[in-house]
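Read through the structure below, which is laid out as structure tokens, and then see the notes.
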Amino acid sequence: MGRGDLTSREWSLLEPHLPSSGGRGGRWNDHRTVVNGILFRIRTGVPWRDLPERYGSWKTVYERHRRWSADGTWDRVLHAVQADADLAGRIDWSMIGVDSTSCRAHQHAAGARKARPRIPKKSTTPRHHRPDEGLGRSRGGLTCKIHLAGEGGCRPMALVLTPGQWGDAPQTIEVPDRIRVPRPLGGRPRTRPDHVSGDKAYSSRRNRRYLRRRHIRHTIPEPRDQRSDRQRRGRQGGRPAGFDRDHYRRRNEVERTINRLENSRAVATRYDKRAYVFHGTVTTAAIRLWLRR
């Protein structure tokens with residue numbers, strides 16, 4: 001076993017949720033070897049062609065990662081390992097933090113074909129495909145932004161990719177809406193945390209109204225300009241937004257979640273041309289965090 005490969009315990013947690021090997025067209029290469037190759041590339045950021053020989057053909061590793069990113073396999077695996085963790089009481093639902101991080105896009109991440117991609121051997125469009133490929137231009141060059149929700153154990157619950165220049169507040173609704181933890185013993189998947197925290201970038205009437213409608217308590221500081229505008233409008237400005245300092249002290253948890261994700265170099269710097277492949281890369285890095293103790 002190489003450095004960074006899945007341990008026996010981690011593989012025992014992951015294996016039941018992977019697609020079955022074999023079927024029409026012959027047997028697939030061993031899942032564990034291929035997944036270790038995918039994790040090696042995500043951790044180190046090396047080009048696919050430079051994968052060590054112990055992981056087999058680089059093209060096999062890349063094609064399986066691309067296929068599983070396109071058909072939503074990585075998303076299903078993430079939900080499955082979250083369900084196992086929730087069943088064991090390892091998810092802290094008391095506080096979910098929402099934040100974002102901008103990652104620089106490598107020059108090789110540009111230049112994707114304009115034609116809409118297709119899932120291999122199917123006529124459907126890959127999940128999480130974006131016409132803009134999630135790339136935005138700024139003064140620093142091409143950037144991509146990862147919006148995510150993290151729980152108290154510093155592990156990602158859900159994520160959304162946008163171009164780097166997009167704001168945080170408009171994604172406040174979409175990110176929590178993607179939290180969906182199945183319940184293996186029966187019942188609807190859990191989608192609602194007890195509390196949501198965000199910084200000043202997430203303060204808006206729309207976001208607060210959305211959280212109140214879902215009966216989710218929230219701690220989001222009100223910027224000075226919004227507070228002065230509310231006071232100037234008098235009764236029409238509404239009541240002051242509540243703010244709990246004790247809950248806001250846990251704001252560091254989502255920031256630590258982002259730091260743990262960006263320990264993977266292929267997440268901190270985007271090398272994938274297609275948005276759906278990069279989404280699969282970030283999701284795989286999140287799955288690895290859930291498999292650890």
Side-chain angles (χ1 to χ4, degrees), residues 1-23 25-92 120 127 148 150-151 153-159 180-185 189 257 259-268 272 276-293:
M1 184 178 69
R3 188 172 74 90
D5 289 352
L6 292 170
T7 64
S8 298
R9 172 190 168 274
E10 293 172 342
W11 175 245
S12 66
L13 297 175
L14 178 64
E15 184 182 17
H17 308 304
L18 296 178
S20 59
S21 179
R27 290 179 54 84
W28 286 2
N29 287 1
D30 179 55
H31 276 330
R32 185 170 185 176
T33 302
V34 174
V35 171
N36 282 331
I38 295 173
L39 293 175
F40 179 88
R41 186 263 176 180
I42 294 175
R43 180 172 59 86
T44 61
V46 300
W48 290 101
R49 292 176 181 268
D50 294 338
L51 280 176
E53 295 182 358
R54 67 175 181 269
Y55 299 119
S57 170
W58 69 267
K59 190 172 181 60
T60 299
V61 179
Y62 166 71
E63 288 294 340
R64 195 167 304 180
H65 176 61
R66 183 173 69 91
R67 182 188 297 270
W68 286 358
S69 300
D71 61 15
T73 297
W74 286 130
D75 293 332
R76 291 190 291 272
V77 172
L78 176 61
H79 293 158
V81 296
Q82 288 176 344
D84 293 343
D86 190 33
L87 190 62
R90 294 176 48 235
I91 296 183
D92 186 359
R127 296 185 63 178
L148 61 85
E151 51 96 37
C154 300
R155 291 166 298 190
M157 296 294 296
L159 62 98
R180 189 177 184 85
V181 179
R183 297 181 179 180
L185 299 181
T257 303
N259 288 339
R260 295 179 67 185
L261 264 182
E262 291 187 338
N263 284 335
S264 300
R265 296 191 176 189
V267 175
D272 302 310
Y276 75 90
V277 178
F278 184 60
H279 191 282
T281 297
V282 182
T283 304
T284 308
I287 292 172
R288 186 61 191 274
L289 294 181
W290 281 99
L291 294 177
R292 292 174 178 171
R293 293 187 183 274

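Residues satisfying the side chain to side chain donor-acceptor pair (under 3.5 Å) criterion with Asp75, sequence neighbours excluded, are His128. Residues meeting the side chain to side chain donor-acceptor pair (under 3.5 Å) test with Glu151, sequence neighbours left out: Arg155.
Judged by a 6.0 Å distance limit and a 45° cone about the ring axis, Arg54 is positioned over the six-membered ring of Phe40.
Listed for the Arg32 side chain is a donor-acceptor partner under 3.5 Å among the backbone atoms of Leu6. Using a distance-only test at 3.5 Å, with no hydrogens or angles considered, a donor-acceptor pair links the side chain of His31 to the main chain of Pro19. Arg76 contributes a side-chain N or O that, together with a main-chain N or O of Asp71, makes up a donor-acceptor pair within less than 3.5 Å.
Contact check for Thr257 versus Cys154: side-chain heavy atoms found under the 4.5 Å cut-off. Annotation: side chain of Leu261 is in contact with side chain of Leu148 (closest heavy-atom distance under 4.5 Å). For the pair Val267 and Arg260, the minimum side-chain heavy-atom distance is 4.5 Å or more.
For Ser69 and Arg66, the side-chain atoms include no donor-acceptor pair closer than 3.5 Å.
Here the closest heavy-atom approach between residue Leu13 and residue Asp84 is recorded as O-OD2, 4.4 Å.
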For residues 281-291, run the donor-acceptor check on the side chains, cut-off 3.5 Å, and write out each pair with its distance to 0.1 Å, sequence neighbours left out.
unit_1: Thr281; atom_1: OG1; unit_2: His65; atom_2: NE2; d: 3.2
unit_1: Thr281; atom_1: OG1; unit_2: Asp272; atom_2: OD2; d: 3.0
unit_1: Thr281; atom_1: OG1; unit_2: Val277; atom_2: O; d: 3.1
unit_1: Thr283; atom_1: OG1; unit_2: His279; atom_2: O; d: 2.7
unit_1: Thr283; atom_1: OG1; unit_2: His279; atom_2: ND1; d: 3.4
unit_1: Thr284; atom_1: OG1; unit_2: Gly280; atom_2: O; d: 2.7
unit_1: Arg288; atom_1: NE; unit_2: Glu10; atom_2: OE1; d: 3.4
unit_1: Arg288; atom_1: NH1; unit_2: Gly4; atom_2: O; d: 2.8
unit_1: Arg288; atom_1: NH2; unit_2: Gly4; atom_2: O; d: 3.4
unit_1: Arg288; atom_1: NH2; unit_2: Asp5; atom_2: O; d: 3.4
unit_1: Arg288; atom_1: NH2; unit_2: Glu10; atom_2: OE1; d: 3.1
unit_1: Trp290; atom_1: NE1; unit_2: Pro156; atom_2: O; d: 2.8

Test ring pair (Phe, Tyr, Trp, His ring centres under 6.0 Å) applied to Trp68 and Trp74, step by step
CA-CA 6 Å; Trp68 286 358; Trp74 286 130; 5.2 Å; yes

